[in-house]
Amino acid sequence: MVFFYYSLAICTITVFLNFHLLIGFKKIKQLSKQPLIEEPPSLAIIIAVSNEEDDLEKALQSICNINYQNCRVIVINDRSTDRTAEILVNFKLGYPQLNILTINTLPDGWLGKNNALYQGYRNSTEEWLLFTDADIVFHPDAINRALGYAVNNQLDHMTILPDLVSGSALLNSVFATLCIMLMIDMKPWDAKNPKSKSSSGIGAFNLVRRSAYEKIGTHAKIRLRPDDDLQLGMKIKLANLKQDVLAGKGYVCLEWYKSFRQLANGVLKNSFAIADYKLTTAIANVLFILIAIALPMPVMFIFGTTTIRLMAAIMLFCHITYMIIVPPNKWWYALMIPFSGFFIAWIFLRATAITIVRGGIYWRESFYSLKMLKEEN
């Protein structure tokens, strides 16, 4: 009977969450459908780079050819040792709006990226700041339409849900499951609701009004947070400032990770931060992923009665429906949800264990102790 009630509960929750997500996504407006702004306000596009030679040229090519005249591009080269500096110098010759800052030493008490973004802000005077990453490819009209929406709706902060792309179909299926988990947790469609605790911050596109950024204390208040993008969104919401989210399909593209190894290593720096550096919370997160995502359908199909297998089939049908409706997913990604759940649980558990054993995290070849990180938290 315990197995039956577990299956019934999981099936009911799965059906509800799939409909909840579909309804939520319908509330998020598309960036592509927003009008161009006729009188664009001043904008500083701030990009922190560190050993980005593989992706930097493509990203800079898109950012330096945007349809937005009243802006400066500020790239902060944070202690790069590859061809990043050479690439930046070459781009500067053809794009005078590109401003290059070079950081040779990291001040105590700062994560490298957070310090670089903060230095970009300090070297800007513009009304709006766009914090973005060095691997984002923009449609020429993306930033123009985004600013238009932010100004017309009197926003203080706005994020864009990027298109996640990868050359690996299997990796894309894992991204799909991971995105479902993030969306359930973040509820980005409720970020604009002042009565909701939901907030949104995405490293690919954090657009913030200068006055709002200064009101929350800038990156100086989150100088040791690996999840600085999420924290920025949270602080904006806690300050009762106005934020919203748009979907960037076809307009803001990100090749998040190129391999499973990159994904596993990529979460080393922030998975424990999401749990606020609490071991019990981290373990609870892993158990939840196993019990709610990885195990239900396989266990129900293999060991269940006819009724339980029917519940599993209903769950699978809901997942397939979701994947079909929400682009760029493929229907068969639904079949990969158990595998994705096991993989995500493993990399979260691995990241937590490595962080505890090391006593901290390595990020861009710098070490940050857990004691230091917890003090920031």
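All figures in this text were calculated on a predicted structure; none of them were measured in a lab.
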So does Gln34 get a backbone contact from the side chain of Arg145, meaning a donor-acceptor N/O pair under 3.5 Å?
yes
Does Asn114 use its side chain to pair, donor to acceptor, with the backbone of Ile222 at less than 3.5 Å?
yes
I'd like to know whether NZ of Lys242 has more than 12 heavy-atom contacts from other residues, nucleotides or ligands below 6.0 angstrom.
yes
Can a salt bridge be assigned to the pair [X] and [Y] using a cut-off of 4.0 Å between side-chain N and carboxylate O?
{"X": "Arg209", "Y": "Asp156", "result": "yes"}
{"X": "Lys113", "Y": "Asp133", "result": "yes"}
{"X": "Glu126", "Y": "Arg72", "result": "yes"}

Evaluate the side-chain proximity of [Y] to [X]: yes if any heavy-atom separation is below 4.5 Å, no if none is.
{"X": "Thr177", "Y": "Tyr333", "value": "no"}
{"X": "Asn115", "Y": "Ile76", "value": "no"}
{"X": "Phe205", "Y": "Phe138", "value": "yes"}
{"X": "Leu241", "Y": "His157", "value": "no"}
{"X": "Leu147", "Y": "Pro40", "value": "no"}

Answer with yes or no whether the hydrophobic clustering places [X] together with [Y]; edges join I, L, V, M, F, W, Y residues whose side-chain heavy atoms lie under 4.5 Å apart.
{"X": "Val15", "Y": "Leu21", "value": "no"}
{"X": "Phe301", "Y": "Ile314", "value": "no"}
{"X": "Phe342", "Y": "Phe303", "value": "yes"}

